[in-house]
Structures are given as structure tokens and as C-alpha cells.
Amino acid sequence: SHQQITISHSIMVVLLNRSLLLQTTSTDVPMLIKQNEEKNCFAYKVQPPAHVSTIIKGGDTSVPQKHNCLKCPKISQKCWIVTLYFITITVLFMDMNLMAPNLTTIAEEFGMSDDERDVKLGGLIALGFFFVGAPVSFLVGWLADSVNRSPLFAATVLVGELGCLGSAFVNSYPQLYVCRVLTGISVGGAIPVIYSVLGDLYPANKRSAISAVVTTGTGIGLGIGQIIAGSMTSWRLPFIIVAVPGLICSVLLLGIEDP
């Protein structure tokens with residue numbers, strides 16, 4: 001009976017050693033990372049059982065650590081998209097208010113009377129701006145459901161900013177009218193694309209706050225445009241100043257991965 005107990009003990013030792021050997025030779029033992037994106041990318045580092053960690057690291061076990069969200073590529077991509085969209089919408093709405101402080105100067109250069117100034121510059125251009133922007137907004141919103149939204153948004157901004165840049169070099173009222181109408185295309189087409197992308201990037205409980213942040217750029221843009229146009233002696237130069245960052249934004253938009 002003593003020999004039977006010794007043999008049984010030996011078998012148990014062999015089985016235990018074999019079990020530990022199998023655990024310690026596994027390539028998946030060092031750590032297990034679990035990320036939960038819905039909880040602000042809060043992840044924990046989970047170490048193997050204490051007896052395995054003791055064998056592998058000489059008794060060094062780790063306490064769960066909070067994941068560094070600054071290194072999370074998905075978080076960084078979201079921040080970059082929101083920032084670029086905010087800058088883009090700000091620039092687009094800066095363009096909307098560039099003519100208002102200089103209507104009299106423009107009318108004098110084109111030989112308009114006060115009545116013609118009010119009708120052509122103050123009325124017809126604004127009407128064309130929104131009359132074209134409204135159907136374009138519908139068209140771009142429809143296309144956003146079927147094509148890649150990054151080049152769609154980039155093309156929309158590009159058309160508008162080329163119109164903004166062209167406004168600085170016009171020689172007649174019809175040319176100015178066409179350029180301002182092109183600018184309305186970018187303003188009208190930007191809104192549906194922005195809300196569509198933000199809706200895919202963020203869950204329902206965060207969309208309102210993020211949309212509010214981006215939409216704040218509309219009011220800021222109108223104010224900055226008014227200041228730029230009102231502080232310069234030339235009515236043409238503000239269009240160039242605003243068009244350049246807008247064109248840069250249109251190029252950067254091409255680099256955004258459509259979520």
C-alpha cells in the first residue's frame with residue numbers, strides 16, 4: 001500500500017508539471033488586451049494566473065492598467081475629422097459674408113446706381129446663392145448614400161472655393177454673379193455630408209453634442225468674414241484670403257477615410 005501511494009503521488013507530480021509546462025510554453029500567455037470603444041476606449045491589461053506569472057517573470061505580477069486613449073488610432077481619427085470639418089464649415093461661412101461690407105464699393109466699380117446696387121448686389125446674388133444651394137444640398141445628400149463621401153465633400157468644397165477665388169478677379173456683374181452662385185453650391189452641399197459622416201462616427205447619445213460643436217463654425221465663420229471684409233480697403237482681397245484655406249481643406253478632405 002505504501003508503494004501504491006508513492007506511485008500515485010509520482011503520477012500526480014508528473015501531470016502537474018506537464019500542465020504547467022503546457023501553460024508556460026504558450027505564445028499567448030504574456031497578456032490579453034480587451035478594448036471597449038463604447039466606454040471611451042477604456043481597456044485593461046489582464047495577466048496570466050499568478051502561478052504562471054511567477055514562473056515566467058519571477059513572481060512579478062501586474063495591476064490592471066488604464067489604456068492610453070491618446071494612442072488609440074480610432075480616437076485620433078475621430079478628433080481629426082471633427083476638427084477638419086469644423087475648420088471647413090467655418091471657412092465656407094466666412095465666404096458668405098464677404099460682400100456685405102463692400103456693396104457700395106463694388107457698385108461704384110461696376111457703375112451701378114443705388115437702386116441697382118440694392119437689387120443686383122443685395123438681392124439677386126443672395127437669391128441665386130440660396131436658390132442654387134438648396135437643390136444642391138438635396139442632391140449631395142442623396143449622393144452621400146451611394147458614393148464615397150470624402151471625395152464628394154472635397155469636390156463640393158473645391159467648386160465653392162474656386163468660385164470664391166474667382167470673385168476676386170471678375171470684371172463684370174455677370175461674372176460676379178456666377179462666382180457667387182458657385183459658392184452657394186459648397187455651402188449647400190457641405191451640411192448633409194457633415195451630418196451623415198458624424199452620424200456614422202458617433203453613437204446616438206453623442207451626436208447632438210458633436211454636431212453642435214461643428215455647427216458652431218457657421219456663426220464663427222460669418223463673424224470672421226465680416227471682420228475681414230470690413231477691415232480692408234480692397235473688396236477683392238478678402239476673397240483670396242478666404243479661398244486659400246478653403247482650397248487647402250478640400251485637399252485634406254480627400255485623405256479622410258469614409259467611415
Side-chain angles (χ1 to χ4, degrees), residues 75-102 125-126 129-130 132-134 136-141 143-144 148-165 167-168 179-232 237-259:
I75 297 296
S76 300
Q77 183 184 23
K78 286 183 179 181
C79 293
W80 166 238
I81 292 175
V82 171
T83 302
L84 182 57
Y85 279 10
F86 174 81
I87 295 173
T88 302
I89 200 69
T90 300
V91 172
L92 291 179
F93 277 80
M94 285 167 58
D95 187 8
M96 287 183 60
N97 227 14
L98 295 180
M99 283 185 56
N102 298 309
I125 285 185
F129 189 96
F130 292 104
V132 173
V136 166
S137 180
F138 175 81
L139 176 62
V140 172
L143 290 175
N148 192 314
R149 291 170 293 187
S150 294
L152 175 63
F153 192 16
T156 302
V157 174
L158 178 63
V159 170
E161 294 311 304
L162 287 177
C164 179
L165 183 63
S167 299
C179 288
R180 300 312 294 160
V181 168
L182 290 178
T183 304
I185 292 176
S186 64
V187 174
I191 301 299
V193 177
I194 289 176
Y195 286 136
S196 174
V197 173
L198 294 180
D200 289 343
L201 283 176
Y202 291 91
N205 62 335
K206 295 183 179 180
R207 289 172 192 163
S208 297
I210 296 299
S211 298
V213 170
V214 175
T215 308
T216 303
T218 60
I220 295 176
L222 289 172
I224 295 177
Q226 183 85 10
I227 293 172
I228 293 176
S231 61
M232 296 189 176
L237 184 57
F239 290 101
I240 299 176
I241 294 175
V242 173
V244 171
L247 293 173
I248 294 175
C249 286
S250 68
V251 175
L252 294 177
L253 289 169
L254 290 173
I256 290 182
E257 182 179 355
D258 192 340

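Heads up: numbering here begins at 1 and tracks the sequence.
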Trainee: Rounded to the nearest 0.5 Å, what separation is found between the CD1 atom of I81 and the CG atom of L253?
Mentor: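 So the CD1 of I81 and the CG of L253 are separated by 10.0 Å.
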Trainee: With side chains defined as the heavy atoms from C-beta onward, is the minimum distance between L247 and L165 less than 4.5 Å?
Mentor: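 They are in side-chain contact.
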Trainee: Could you give the distance from NZ (K206) to CG (L201), rounded to the nearest 0.5 Å?
Mentor: 11.5 Å
Trainee: Going by heavy atoms in the side chains, are L254 and S150 under 4.5 Å from each other?
Mentor: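 No - every pair of side-chain heavy atoms lies 4.5 Å or more apart.
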Trainee: Mind listing the closest non-hydrogen atom pair of F239 and A168 along with its distance?
Mentor: CB-CB, 4.0 Å
Trainee: Report yes if the side chains of M232 and I241 come closer than 4.5 Å at any heavy-atom pair, otherwise no.
Mentor: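 Contact flag for M232/I241 side chains = yes.
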Trainee: Nearest 0.5 angstrom please: T156 OG1 to I191 CD1, how far?
Mentor: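 Output value for this atom pair is 11.5 Å.
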Trainee: Quick one: pull up CG in L162 and OG in S167 and give me the separation to the nearest 0.5 Å.
Mentor: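 Atom-to-atom, L162:CG and S167:OG are 10.5 Å apart.
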Trainee: Flag the pair F153 / V157 as yes when at least one side-chain heavy-atom distance between them is below 4.5 Å, and no otherwise.
Mentor: yes
Trainee: Is a donor on one side and an acceptor on the other found under 3.5 Å between the side chain of S186 and the backbone of T183?
Mentor: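 Such a contact is found between S186 side chain and T183 backbone.
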Trainee: In the structure I gave you, are the side-chain heavy atoms of L98 and D95 within less than 4.5 Å of one another anywhere?
Mentor: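 In short, these two side chains touch, coming nearer than 4.5 Å.
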Trainee: Write out all pairs satisfying side-chain hydrogen bond (donor to acceptor under 3.5 Å, both in side chains) with one or both partners inside residues 212-223, taking only residues at least two apart or from two chains.
Mentor: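 Sorted pair list: Y195-T215.
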Trainee: Would you indicate whether the side-chain heavy atoms of S196 and R149 approach each other to under 4.5 Å?
Mentor: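 They are in side-chain contact.
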Trainee: Decide yes or no for V214 and I89: does some side-chain heavy atom of the first lie under 4.5 Å from some side-chain heavy atom of the second?
Mentor: yes
Trainee: Could you check if a side-chain atom of L92 sits within less than 4.5 angstrom of a side-chain atom of E161, using non-hydrogen atoms only?
Mentor: yes
Trainee: Determine the minimum heavy-atom distance between L84 and C249, stating which atoms define it.
Mentor: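 Answer, listing the atom of L84 first, then C249: CD1-SG, 4.3 Å.
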Trainee: On a heavy-atom basis, which atom in G184 and which in F129 lie closest, and how many Å separate them?
Mentor: N-CE1, 3.5 Å
Trainee: At their closest point, which heavy atom of A229 faces which heavy atom of P238, and how far apart are they?
Mentor: CA-CG, 3.9 Å
Trainee: Does anything in residues 80-92 form a salt bridge (Lys or Arg N to Asp or Glu O under 4.0 Å)? List the pairs, not counting sequence neighbours.
Mentor: none
Trainee: Let me confirm one number: the CZ-CE distance from R180 to M96, rounded to the nearest 0.5 Å.
Mentor: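 R180 atom CZ to M96 atom CE measures 9.0 Å (nearest 0.5 Å).
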Trainee: Drop me the distance from I224's CD1 to F93's CZ, to the nearest 0.5 angstrom.
Mentor: 13.0 Å
